Amino acid sequence: MQVLKSPAASVWFRTFVPHSTARLRLFCFPHAGGGASAFRELAALAPPEIEVTAVQYPGRQDRFGEPPLTEMSAMVGDIAGAMETWLDRPVAFFGHSMGATVAFETARLLRRRYPAAVTRLFASARKAPQVDLRDRMVFPDDTTVMEYVRGLGGIGAALLEDADLRELTLPTLRGDFALLAGYRFVPGAPLTCPLTVINGADDAAFTERDALLWARHTAAGTETHTFPGGHFYLESQPRRLMEFLARRLGIDPVGDTHA
């Protein structure tokens with residue numbers, strides 16, 4: 001069945017490499033301060049059976065003119081509503097850092113109307129929803145924001161060293177951190193899809209022990225996996241990550257098996 005995608009939906013999603021005959025659509029949710037382009041290379045490496053579609057939050061990249069959303073319920077409600085017209089095939093979610101929380105809450109919301117829509121959730125580098133991190137996301141000034149981001153590393157931290165890019169990026173980061181500072185997990189029924197939790201071996205902010213705390217959030221089984229690298233392990237090994245995701249989704253990856 002072909003489902004037409006509404007203009008409202010197109011605001012939220014970017015498909016860099018379309019695969020019209022893909023068996024499955026993988027929605028990727030970016031980290032705080034990040035945009036859809038963070039998954040451009042991952043999309044290029046996907047086998048034809050998987051169409052990677054990145055979520056584009058407001059307040060960044062081609063949605064820079066929109067104010068960032070600072071309430072999780074508003075963010076998730078808008079994403080889930082736009083996504084309804086994209087459920088023409090099974091979908092899986094991959095969320096990195098803040099994106100893992102947004103993906104999780106989106107999956108919970110979709111489950112009410114489409115119980116079998118999400119086939120697997122990949123939660124990457126983000127503590128489990130029941131772990132209260134609100135106080136840690138409150139920063140008194142831009143200096144502390146920058147210190148926090150530098151501590152995580154990655155391309156985003158390097159961009160903050162450029163004064164012009166820093167001026168553009170800080171409002172987005174402040175908005176995303178306000179979103180996280182206001183997030184409070186509300187207990188409910190667990191998901192019914194399998195859950196794969198991923199951490200970087202050198203990520204002090206999210207360890208394998210932290211990953212195990214996600215287990216309560218699905219009735220379909222949880223597994224953990226550790227990649228070499230830090231909080232942004234995915235930036236240095238997108239091929240290895242894509243191959244891992246494909247295998248967990250029951251699809252044979254194509255190309256070289258080395259990162």
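Here, residue 1 is the first one in the sequence, and each next residue gets the next number. Quantities reported herein were computed from a predicted structural model and do not represent experimental measurements.
A salt bridge does not link Glu66 to Arg60: none of the charged nitrogens lies less than 4.0 Å from a carboxylate oxygen. Arg240 and Glu243 are not joined by a salt bridge, as no carboxylate oxygen comes within less than 4.0 angstrom of a charged side-chain nitrogen. A salt bridge is defined here as a Lys NZ or Arg NE, NH1 or NH2 lying under 4.0 Å from an Asp or Glu carboxylate O, and Glu147 with Arg150 fails to meet this definition. Salt-bridge formation is detected for the pair Arg174/Asp142: a Lys NZ or Arg NE/NH1/NH2 atom is positioned less than 4.0 Å from an Asp or Glu carboxylate oxygen.
For the atom pair Thr21 OG1 and Glu51 CD, the distance stands at 9.0 Å (nearest 0.5 Å).
With ring centers used as reference points, Phe177 lies under 6.0 Å from Tyr148. Here Phe16 and Phe39 keep their ring centres 6.0 angstrom or further from each other. Between His96 and Phe122, the gap from one ring centroid to the other reaches at least 6.0 Å. Ring pair Phe94/Phe27: centre-to-centre distance not below 6.0 Å. With ring centers used as reference points, Phe206 lies 6.0 Å or more from His231.
Between the side chains of Glu71 and Tyr183, no donor-acceptor pair is found at a separation under 3.5 Å. Residues Tyr233 and Ser124 bring a donor and an acceptor atom of their side chains to less than 3.5 Å of each other. No hydrogens or angles considered: nothing links the side chains of Ser97 and His31 as a donor-acceptor pair under 3.5 Å.
The cationic group of Arg126 does not satisfy the cation-pi geometry with Trp214, failing either the under 6.0 Å distance to the six-membered ring centre or the 45° limit from the ring axis.
No donor-acceptor pair closer than 3.5 Å links the side chain of Glu105 to the backbone N or O of Phe185. Remark: the backbone N or O of Val17 is not paired with any side-chain donor or acceptor of Thr15 at under 3.5 angstrom. When atom types are taken as modelled, the side chain of Thr172 and the backbone of Gly59 share a donor-acceptor pair closer than 3.5 angstrom. With Thr224 contributing its side chain and Val197 its backbone, the two residues share no donor-acceptor pair below 3.5 Å. Panel note: side chain Arg25, backbone Trp86; a donor-acceptor pair is recorded below 3.5 Å. Put simply, the side chain of Thr144 gets close to the backbone of Asp141: a donor and an acceptor are under 3.5 Å apart.
Between Thr196 and the choices Arg248, Arg120, His225, the side chain to side chain donor-acceptor pair (under 3.5 Å) rule is met once, by Arg120.
Here the shortest heavy-atom pairing between Ser37 and Gln61 reads OG-NE2, 2.5 Å.
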